[in-house]
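These notes concern the structure reproduced below.
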Amino acid sequence: MNYYLMKSEPDCFSIDDLKKKKVSSWDGVRNYQARNFMMQMKRGDKILFYHSSAKEIGVAGIAEVSKEHFPDHTAWDPKNEHFDSRIKNGDPRWQMVEVKFVKKFPEIITLEKIKQTKELKNMSILQKGSRLSVTSVTQKEFEKILNME
DNA sequence: GCCAACGTTGGC
DNA sequence: GCCAACGTTGGC
């Protein structure tokens, strides 16, 4: 099993939104590296659900891959905010996965706390200039975060 | 293939 | 709202 971290702006889509919907496709990723991480995800892989650009920044809960990658059709929809005018209708360049709600932490595990934890200092989100919305984390990092709950 | 200009991300 | 860091674009 592999572990990942996915960022979302809670004003746009939060852990509560996922809790309400139970499952959701993760559309709108328009970065190749982030897409590549999604393309290697397997059903059952665990995801740290991270709130970015928010009042409280940090890991808000856990999700799980419920469907492996498939074409992100929002890229073909001119009315969608993530429409990609450079590609043809039906071009599978952009892919998404479907994720399932697992749990919401009683309190957000803040970026500040993560920064203070030496076992987590190698996490991609802490690296300078890291803006990737989908990154991988190690099992140890994942479990460490769970234990900070 | 280089690289300047531009748009975006995301913490502060 | 600021701005550093990054990815992408497009002229050459």
Notebook entry, point to check: At under 4.0 Å between heavy atoms, what does A:Glu9 touch on the DNA or RNA strands: base, sugar-phosphate, or nothing?
Noted result: nothing

Next item on the list: Over 60° means perpendicular and under 30° means parallel, so classify the ring planes of A:Phe49 and A:Phe13, tilted if in between.
Entry: tilted

Note to self: Return the OG1 to CD distance between A:Thr138 and A:Glu141, rounded to the nearest 0.5 Å.
What the structure shows: 3.5 Å

Checklist line | Minimum side-chain heavy-atom gap A:Thr110-A:Ile57 below 4.5 Å | finding: no

Next item on the list: Would you jot down, in residue-number order, the residues of residues 106-114 of chain A having a non-hydrogen atom under 4.0 Å from DNA chain B?
Entry: A:Leu111

Item checked: Boundaries of the chain A footprint along DNA chain B (any atom under 4.0 Å from a heavy atom) -> B:dG7 to B:dC12

Next item on the list: State, with a plain yes or no, whether a side-chain heavy atom of A:Tyr50 is found less than 4.5 Å away from one of A:Met6.
Entry: no

Next item on the list: For DNA chain B, determine which residues of residues 123-131 of chain A have any heavy atom closer than 4.0 angstrom to one of its atoms, and list them numerically.
Entry: A:Arg131

Notebook entry, point to check: Which class fits the ring pair A:Phe142 and A:Tyr3: parallel under 30°, tilted 30 to 60°, perpendicular over 60°?
Noted result: tilted

Item checked: Minimum side-chain heavy-atom gap A:Phe70-A:Ser25 below 4.5 Å -> yes

Check: Roughly how far, to the nearest 0.5 Å, is the CD1 atom of A:Ile15 from the NZ atom of A:Lys104?
Finding: 8.0 Å

Check: Is it the case that A:Glu9 and A:Ser52 place a side-chain donor and acceptor less than 3.5 Å from each other?
Finding: no

Notebook entry, point to check: For the residue pair A:Ile108 and A:Glu56, what are the closest heavy atoms and their distance?
Noted result: CD1-O, 3.6 Å

Check: Backbone N or O of A:Arg93 within a donor-acceptor pair of the A:Arg35 side chain at under 3.5 Å?
Finding: yes

